[in-house]
Structures are given as C-alpha cells and as structure tokens.
Amino acid sequence: DVKVTQSSRYLVKRTGEKVFLECVQDMDHENMFWYRQDPGLGLRLIYFSYDVKMKEKGDIPEGYSVSREKKERFSLILESASTNQTSMYLCAGRTGRNQPQHFGDGTRLSIL
Amino acid sequence: GNSVTQMEGPVTLSEEAFLTINCTYTATGYPSLFWYVQYPGEGLQLLLKATKADDKGSNKGFEATYRKETTSFHLEKGSVQVSDSAVYFCALSDGYNKLIFGAGTRLAVHP
C-alpha cells in the first residue's frame with residue numbers, strides 16, 4: 001500500500017522564522033499535494049506538484065512556497081511564519097488522475 | 001463548479017446502530033467519488049471509492065453506492081462500533097488535480 005510520511009507530527013516555531021515541512025512518499029507518485037486543515041474551514045489546497053520541479057498554486061498559496069527536487073520528496077516552506085499559519089498541515093500523493101490521494105499523518109504546526 | 005455537500009454533524013449513535021451519512025455532489029463530467037476517515041490527531045485515511053455510476057465501494061463494513069441519477073454517495077454501515085468514532089469526509093476528484101472535500105461529519109458512537 002501507499003506510504004506518505006511527514007517528518008514531524010508536532011512543530012512549534014516563532015513568528016518570522018522560515019519553516020520547512022517535509023513529506024516523503026514511497027510509491028513513485030507523480031502527483032503530490034499540500035493542504036491545511038482548520039476547524040470550520042475544512043481542507044484547503046495550498047500547492048500541488050505533478051512532476052519533479054513542477055508546481056502549481058492551489059486555493060491558498062499566499063505566504064507559502066514549495067520545493068520538489070526529487071520525485072519522492074515534496075517540501076512546504078513558510079517564508080516568514082505568522083500566527084495565522086498555525087494549523088494542521090497534510091501532505092498527500094497519488095499515482096494518477098481520478099486515483100485516490102493517500103495522506104500522511106499530518107503536522108500540527110503552532111506559530112508563537 | 002464542482003462541490004460536495006455532507007450532512008452536518010455530530011452524529012451520535014449507540015453501538016450496533018445503523019449508520020447513514022448523506023453526501024451529494026455537483027460536478028461536470030464523471031468524477032470519481034471517495035470516502036475518507038480521520039481519527040483524532042491523525043491524517044485522512046481512504047475508506048472506500050467508486051469510479052463510475054452504480055459502483056459500490058466497500059471496506060470494513062462500510063458501503064457507498066455511486067448514484068448518478070440522484071448525484072449521491074451516501075455512506076452506510078449496518079452496525080457501528082465505538083472504534084468507528086471519527087470524522088468522515090466525502091470527496092470527489094475532478095479528474096485533473098483537485099480533490100473537492102465536503103465539510104466532514106463527526107460520528108460519536110457510545111457503548
């Protein structure tokens with residue numbers, strides 16, 4: 001089965017820091033995704049990538065960037081963390097269109 | 001545009017009760033449909049899927065049938081357990097890049 005691994009379950013950072021959230025998948029997924037999940041707002045797509053070095057903006061890309069240098073790794077970067085970026089961040093991968101996305105366990109990020 | 005509407009929760013049931021969580025969708029074309037489950041403090045797990053009309057997805061006693069005529073994908077289970085307590089998300093794939101999620105329905109099962 002698919003395995004998507006996020007490097008940290010919990011993370012605490014300070015306002016203004018540059019923050020890296022790492023995600024690794026082991027199933028040669030072409031497509032990878034970053035979401036944030038907030039109470040009352042559901043899951044919102046931040047960025048996605050359909051191949052190495054390719055990236056596309058999702059619904060809420062402001063304040064974030066991504067990096068995909070290798071197929072198995074997709075990093076989310078908070079350029080200058082702010083308190084409104086405190087959230088649960090979920091990474092997902094999938095093998096192709098109309099296929100299910102498989103999620104990691106999530107990173108609960110707190111910005112103080 | 002594409003959208004998914006789920007019944008609001010929380011849904012509170014006694015153990016061994018019958019579960020239905022309603023899900024309807026709006027989409028162009030022929031989307032694939034999914035149910036995901038999220039246990040407390042964890043990420044989303046794929047529960048079941050259906051890729052075309054009249055398909056029935058099933059897993060762990062849960063079932064859902066892709067009904068194109070009613071644009072629905074209701075989740076059912078004949079006898080719930082305390083361990084089924086979680087948040088359930090209905091989702092559709094637009095065939096390109098996005099999963100469109102419903103807002104989620106919290107299920108609480110009591111002994």
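Every chain is numbered from 1, with letters handed out A, B, ... down the list of sequences. Please read these numbers as outputs of a predicted model, since none were measured by experiment.
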Engaged part of B:L46 at the chain A interface, taking heavy atoms whose separation is under 4.5 Å: side chain

Region of A:R9 that comes under 4.5 Å of a non-hydrogen atom in chain B: side chain

Connected via hydrophobic side-chain network under 4.5 Å: A:V24 and A:L76: no

Toward chain B, the part of A:Q37 with a non-hydrogen atom under 4.5 Å: side chain

Residue B:E8 excluded, over 12 heavy atoms near CD under 6.0 Å: no

Closest heavy-atom pair and its distance - B:L44, A:F103: O-CB, 3.2 Å

Greater than 12 external heavy atoms within 6.0 Å of B:E15's CD: yes

Exceeds 12 heavy-atom contacts within 6.0 angstrom, atom OH of B:Y39: yes

Residue pair B:Y36 / A:Q101, side-chain heavy-atom distance below 4.5 Å: yes

Which portion of B:Q38 sits near chain A, non-hydrogen atoms under 4.5 angstrom: side chain

Close side-chain approach of A:Q99 and B:K49, heavy atoms under 4.5 Å: yes

More than 12 heavy atoms of other groups within 6.0 Å of B:K52 NZ: no

Shared hydrophobic cluster, A:M32 / A:Y47 (ILVMFWY, side-chain heavy atoms < 4.5 Å): yes

Contact check, side chains of B:L99 and A:F33, non-hydrogen atoms, under 4.5 Å: no

